[in-house]
Amino acid sequence: MRTAILIISWLIVAEGVLFLIWPGLLCTVLRFFRNSFWMYMLSLLRIALSILFLFGAAQSRVSIITGGFGVLLLIAGAAGLVMKQQMYNTIALWWQERRLITVRITAAFVMLTGAVLIYCT
């Protein structure tokens, strides 16, 4: 389970690096996920990953951080399942209108989150 969490944490870091280098990619990704089918699939993926993080927290170095991230993923997945398509589109449009520096700062925060998860695992 630790290996799976480490792989996912490295993918989170890679996502942050990708959006830091190429912030316009976020708009492309958001346009792809604006379809209701993919929106719900992404929510189910978040719930599945939250279960992985919650069960893997016992084996990690700092279980409160890993478990807390699992809880956050569970909340995000549940919110995505009950969110209406119009609300999701509003959030996606809000992100698409942000300046590139805002996207890059967010990408740096994503990289930091992945790095903390790597350390805690």
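Not measured: the values here are computed from a predicted model.
- Side chain of T102 to main chain of R98: no donor-acceptor pair is present (N/O by atom type, distance under 3.5 Å, no hydrogens or angles).
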Q | Derivation and outcome, side chain to side chain contact (heavy atoms under 4.5 Å, CB included), residues L54 and T66 | A | CA-CA 7 Å; L54 287 171; T66 309; over 6 Å; no

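- Under the 4.5 Å side-chain heavy-atom criterion for ILVMFWY residues, a single connected hydrophobic cluster contains both M87 and L42.
- At a threshold of 4.5 Å between side-chain heavy atoms, the hydrophobic network of Ile, Leu, Val, Met, Phe, Trp and Tyr places I91 and L72 in two separate groups.
- With rounding to the nearest 0.5 Å, the separation of CG in L73 from CZ in R46 is 8.0 Å.
- Atom OG1 in T28 sits 12.0 Å away from atom CZ in F33 (nearest 0.5 Å).
- Considering CG of L11 and CG of L18, their distance stands at 11.5 Å, rounded to 0.5 Å.
- Closest heavy-atom contact between T106 and W95: OG1-CH2, 3.4 Å.
- Remark: the backbone N or O of A92 is not paired with any side-chain donor or acceptor of E97 at under 3.5 angstrom.
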Q. Could you walk me through whether T113 and F69 pass the side chain to side chain contact (heavy atoms under 4.5 Å, CB included) check?
A. CA-CA 9 Å; T113 303; F69 191 72; 3.8 Å; yes

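- Within 6.0 Å of the OH atom in Y40, the count of heavy atoms belonging to other residues, nucleotides or ligands exceeds 12.
- By the 6.0 Å contact criterion, CZ on R99 is open, its count of non-hydrogen atoms from other residues, nucleotides or ligands being 12 or less.
- With sequence neighbours left out, F32 forms a ring pair (Phe, Tyr, Trp, His ring centres under 6.0 Å) with W38.
- Scanning all heavy atoms of the two residues, the minimum distance from I118 to L6 falls at O-CD2, 4.0 Å.
- Residues L117 and M1 share a single hydrophobic cluster, defined by chaining ILVMFWY side chains whose heavy atoms lie under 4.5 Å apart.
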Q.
Show, in sequence, the C-alpha distance, side-chain angles and deciding distance for R31 and Q96, and conclude whether the side chain to side chain contact (heavy atoms under 4.5 Å, CB included) test is met.
A. CA-CA 9 Å; R31 263 187 249 115; Q96 290 174 346; 3.6 Å; yes

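- A cation-pi arrangement, defined by a distance under 6.0 Å to the six-membered ring centre and an angle within 45 degrees of its axis, is absent between R104 and F19.
- Considering every non-hydrogen atom in both A108 and L20, the closest pair reads N-CD1, 4.5 Å.
- Here the straight-line distance linking atom OH of Y88 with atom CG of L30 works out to 6.0 Å at 0.5 Å rounding.
- Residues L25 and I12 are members of one and the same hydrophobic cluster, defined by side-chain heavy-atom contacts under 4.5 angstrom among Ile, Leu, Val, Met, Phe, Trp and Tyr.
- Residues P23 and V103 share a closest heavy-atom pair of CB-CG1, 3.7 Å.
- A pairwise comparison of heavy atoms in I5 and T121 identifies CG2-OG1, 3.4 Å as the closest pair.
- Residues A115 and V13 approach most closely at N-CG2, 3.6 Å, considering heavy atoms.
- Looking at R2, its side chain never comes within 3.5 Å of a backbone N or O of S60 through a donor-acceptor pair.
- Here I101 is tied into one hydrophobic group with I105, each link being a pair of ILVMFWY side chains closer than 4.5 Å.
- Atom CG of L44 is separated from atom CG of L49 by 11.0 Å, given to the nearest 0.5 angstrom.
- Between the side chain of S43 and the main chain of M39, a donor-acceptor pair closer than 3.5 Å is present.
- Here the CD-CG distance, from Q85 to N35, works out to 7.0 Å after rounding to the nearest 0.5 Å.
- Considering only residues two or more places apart in sequence or on other chains, I21 meets the side-chain contact (heavy atoms from CB on, under 4.5 Å) condition with V17.
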Q: Please assess F53 against I8 for the test side chain to side chain contact (heavy atoms under 4.5 Å, CB included), listing each intermediate value before the final yes or no.
A: CA-CA 10 Å; F53 273 88; I8 292 166; 3.9 Å; yes

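- In the hydrophobic clustering of this structure, I65 does not group with Y119; members are Ile, Leu, Val, Met, Phe, Trp, Tyr whose side-chain heavy atoms approach within less than 4.5 Å, directly or through other members.
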